[in-house]
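Worksheet for the structure shown next.
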Amino acid sequence: MIETQTALEKIMHDRKSVRKYKEGVVIPQEKLLYLLEQATSAPSSSNMQPWRFMVIQDEAAKQKLLPIAFNQEQIVQSSATIAVLGDKKMYEKAEDIYNASYEQGFMSREVADNMIKNSEKLYGGLSDEALTNVIQFDAGLISMQIMLLAKDMGYDTVPMGGFNKQQFAEAFDVPENEFPILLISIGEAAAEAYGSSRIDVKELTRFI
């Protein structure tokens, strides 16, 4: 067995879901933007990058979010809560995405044009349910990166799927083509998170 723990493995194991935060800790917006920028290296379906973010820092906004998030105290105690949203019209940015890939030398003009055409046709033709499933999958990939990067920057996080998504969309004027997926509170821990056990991976894995 491998016995040496890498820096990444340490961050992965040290990251816990923290629910009690030091109040009054301000994370500069520049740091939060840097965190999100680095997290966008996450993969996504056809590189459509369907994630959108709303960062809730203002005290009044936190109070508005509190009942929507079923009064979970980390909403008001933490430095900020990052709402991860999904854009059902993400394919409308296909031209921008693949033109940039061509300009940066990642693909030929022909390949870029084909990707634009195919992406617009594929995702523009999906049912609402299928499109939602794709976007939620991609949102999960970037959300994990956000939490690991936050830990590497010295902050703790907790992901929350338990909130009233319809009320959130109404209260925070979410555009019709977007929908809320996950809330991630971020800040400095005021108390250690609980540890948690894991099922032996040998029970979960089949080699064929």
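Numbers here are sequence positions counted from 1.
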For the student: nearest non-hydrogen atoms of [X] and [Y], plus distance:
X    : Y    : value
T205 : V201 : OG1-O, 2.8 Å
Y98  : I116 : CB-CG1, 3.6 Å
M107 : A112 : SD-CA, 3.6 Å
Q77  : K20  : OE1-CA, 3.7 Å
V134 : S45  : CG1-OG, 3.5 Å
A191 : V18  : O-CG1, 4.2 Å

Practice prompt. For side chain to side chain contact (heavy atoms under 4.5 Å, CB included), just list the numbers for D128 and T132, CA-CA rounded to whole Å, side-chain angles, deciding distance to a tenth of an Å, and then say yes or no.
Written response: CA-CA 6 Å; D128 186 75; T132 297; 3.9 Å; yes
Can any side-chain N or O of [X] pair as donor or acceptor with the backbone N or O of [Y] at less than 3.5 Å?
X    : Y    : result
T81  : I56  : no
Q167 : P67  : no
Q72  : G162 : yes
S44  : Q49  : yes

Do [X] and [Y] have side chains that approach each other closer than 4.5 Å (heavy atoms only, starting at C-beta)?
X    : Y    : answer
N114 : E110 : yes
M160 : F70  : no
I135 : D87  : no
Y91  : M48  : yes
N99  : R109 : yes
F53  : I142 : yes
M12  : L148 : yes
I186 : S78  : no

A quick test of your reading: do over 12 heavy atoms of other residues, nucleotides or ligands sit less than 6.0 Å from [atom1] of [X]?
X    : atom1 : value
Q38  : CD    : yes
Q166 : CD    : no
L204 : CG    : yes
Q145 : CD    : yes
Y102 : OH    : no

Output the distance between atom [atom1] ([X]) and atom [atom2] ([Y]), rounded to the nearest 0.5 Å.
X    : Y    : atom1 : atom2 : result
L65  : D58  : CG    : CG    : 11.5 Å
Q57  : Q29  : CD    : CD    : 5.0 Å
M153 : I11  : CE    : CD1   : 11.5 Å
Q136 : L131 : CD    : CG    : 10.0 Å
E188 : Y21  : CD    : OH    : 11.0 Å
K88  : M90  : NZ    : CE    : 11.0 Å

If you group Ile, Leu, Val, Met, Phe, Trp and Tyr by side-chain heavy-atom gaps below 4.5 Å, do [X] and [Y] land in one group?
X    : Y    : answer
M54  : L183 : yes
Y155 : M144 : yes
I75  : L85  : yes
L122 : V111 : yes
F172 : L66  : yes

Worksheet item: Could you walk me through whether S46 and Y123 pass the side chain to side chain donor-acceptor pair (under 3.5 Å) check?
Response: CA-CA 10 Å; S46 302; Y123 296 105; 2.6 Å; yes
Practice prompt. Tell me, please, whether F179 has K165 positioned over its six-membered ring: NZ or CZ under 6.0 Å from the ring centre and within 45 degrees of its axis?
Written response: no
Worksheet item: Quick one: do E73 and R19 make a salt bridge, cutoff under 4.0 Å?
Response: no
Discussion item. Whether K151 and D14 form a salt bridge (side-chain N of Lys/Arg under 4.0 Å from carboxylate O of Asp/Glu) is what I want to check.
Written reply: no
Worksheet entry | Pair E129-N133, side chain to side chain contact (heavy atoms under 4.5 Å, CB included): steps then yes or no | CA-CA 6 Å; E129 180 181 6; N133 288 339; 4.0 Å; yes
Discussion item. Before you tell me yes or no, could you show the steps for T157 and R15 under side chain to side chain contact (heavy atoms under 4.5 Å, CB included), namely the whole-Å CA-CA distance, both residues' side-chain angles and the distance that decides it to 0.1 Å?
Written reply: CA-CA 8 Å; T157 56; R15 190 222 65 81; 4.3 Å; yes
